[in-house]
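In what follows, chains are A, B, ... by sequence order, proteins preceding strands, each numbered from 1. Hydrogens, waters and symmetry mates play no part in the numbers below; they use all other heavy atoms, side chains included.
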2 protein chains.
Amino acid sequence: MSDLLERLRGRGWRLTAQRRVVAEVLDGDHVHYTADEVHARATDRLPEISRATVYNTLGELVSLGEVLEVSTDGRAKRYDPNAHHDHQHLICSRCGTIRDVHIQSDPLSALPEPERYGFQVSEVTVTYRGICPSCATP
Amino acid sequence: MSDLLERLRGRGWRLTAQRRVVAEVLDGDHVHYTADEVHARATDRLPEISRATVYNTLGELVSLGEVLEVSTDGRAKRYDPNAHHDHQHLICSRCGTIRDVHIQSDPLSALPEPERYGFQVSEVTVTYRGICPSCATP
DNA sequence: TTCTTGACTTAGACATTGTCCAATGTAGGA
DNA sequence: TCCTACATTGGACAATGTCTAAGTCAAGAA
């Protein structure tokens, strides 16, 4: 994660306590917090950090390609720090848990030319849904 | 679309002017309106219809499996009457236009067993993004 | 080190989308 | 025609996100 901060500094990012804390909160595997969850966790370390700054910082990280924005259900967006390894999401329909998963075929090649309607297709997201083990065995 | 109304009546749906208007608005191909857009169009035909009723009716149609809910971008959900033909969506990153498309391989089978983490996977959504012809040629 | 400045942060107002509730209206069966 | 359970309404409320003006500070310059 510290290499992330170095990378961003190299791009002219001014390093502040608030940005450092947000980056720290997003460190780890299978992390998919909402902006409010990031704010709550950031507040534990830096009580005076504001909501606006969390939103700003998340937006910057997304623009810089360091974090992915995931819209799972029309509720709050989630932020995924695993931006440098192509992956998909598997979501529990009951509790909302999200896991990163990896598929075999390339979904882009599954869309035939005549089905592209002249679009310059550049991106594809695949999301699986089902019941997770914890929710399946009550 | 009238067969839709008949089908719903057969399931005990009470047929009201409001519900009929919402169903009429959702008739057609490549229709992906937000709730507010549905409300605006419904208001043209039935000026006193309320926002709450539009939300209620859309929710019922989704529960009954007659309409699909599409969360494209974390903004407003969209409602897709093409619920009986399996398809995916192709979205213009610039103007937001949505087209229904059909792919060749089954994306469910692309997720290997060890990547399912014990989930009972039942559903998969595939969304393509790119620039549509109108936005590509300014 | 201290100074300077433009970028950053803050609090809170505001916008959008969606949900809920009590009061009122009505579709469809008896 | 009359009943009544279900549907509709308007408005308050909730959740999420955006914007702005004023104050603050990181980092390069001297």
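A donor N or O paired with an acceptor N or O is found under 3.5 Å between the base of D:dC6 and the side-chain atoms of B:R14. With hydrogens and angles ignored, a donor-acceptor pair closer than 3.5 Å exists between the side chain of B:R51 and the base of C:dG18.
A residue-by-residue look at B:Y79 and B:W13 shows that B:Y79 has its nearest nucleotide of DNA chain C further toward the 5' end.
Between A:H39 atom NE2 and C:dT10 atom P the separation is 8 Å, expressed in whole Å. Atom CD of B:E37 and atom P of C:dG18 are 11 Å apart (whole Å). In this structure, the CZ atom of A:R9 is 15 Å from the C1' atom of C:dA7, given to the nearest Å. Between the C1' atom of D:dT9 and the CG atom of B:L46 lies a distance of 12 Å, rounded to the nearest Å. Regarding B:L8, its CG atom lies at a distance of 12 Å from the P atom of D:dA7, rounded to whole Å. Between B:D73 atom CG and D:dT18 atom P there is a gap of 11 Å when expressed in whole angstrom units. If you measure from atom CZ of B:R78 to atom P of C:dG18, you get 10 Å, rounded to the nearest angstrom. For B:D36 and C:dT19, the CG to C1' distance is 14 Å, given to the nearest whole Å.
Counted by atom type alone, B:H39 and B:R51 present zero donor-acceptor pairs between their side chains at under 3.5 Å.
Of the side-chain N and O atoms in B:Q18, none sit less than 4.0 angstrom from OP1 or OP2 of C:dG25. Distances shorter than 4.0 Å separate some side-chain N or O of B:T16 from OP1 or OP2 on D:dT8. One finds no side-chain N or O of A:R75 lying less than 4.0 angstrom from the OP1 or OP2 phosphate oxygen of D:dA15. Under 4.0 angstrom from either OP1 or OP2 of D:dT18 there lies no side-chain N or O belonging to A:Y55. In terms of phosphate contacts, A:T53 brings a side-chain nitrogen or oxygen within less than 4.0 Å of OP1 or OP2 of C:dT10.
Between A:K77 and A:T34, every side-chain heavy-atom pair lies at or beyond the 4.5 Å cut-off.
The nucleotide whose nearest atom lies closest to any side-chain atom of B:L15 is, among C:dG28, C:dC20, C:dG18, C:dG28. Taking every side-chain heavy atom of A:N56 into account, C:dT10 is the closest of D:dG17, C:dG28, C:dT10.
Residue B:E24 forms a salt bridge (Lys or Arg N to Asp or Glu O under 4.0 Å) with just one option from B:R19, B:R45, B:R41, and that option is B:R45.
Ion pair A:R11/A:E60 not flagged as a salt bridge, since none of the NZ, NE, NH1 or NH2 atoms sits closer than 4.0 Å to an Asp/Glu carboxylate oxygen.
Residues A:H89 and A:H32 bring their aromatic ring centres within 6.0 Å.
The residue A:A76 sits close only to the backbone: its heavy atoms come under 4.0 Å of sugar-phosphate atoms, none of a base.
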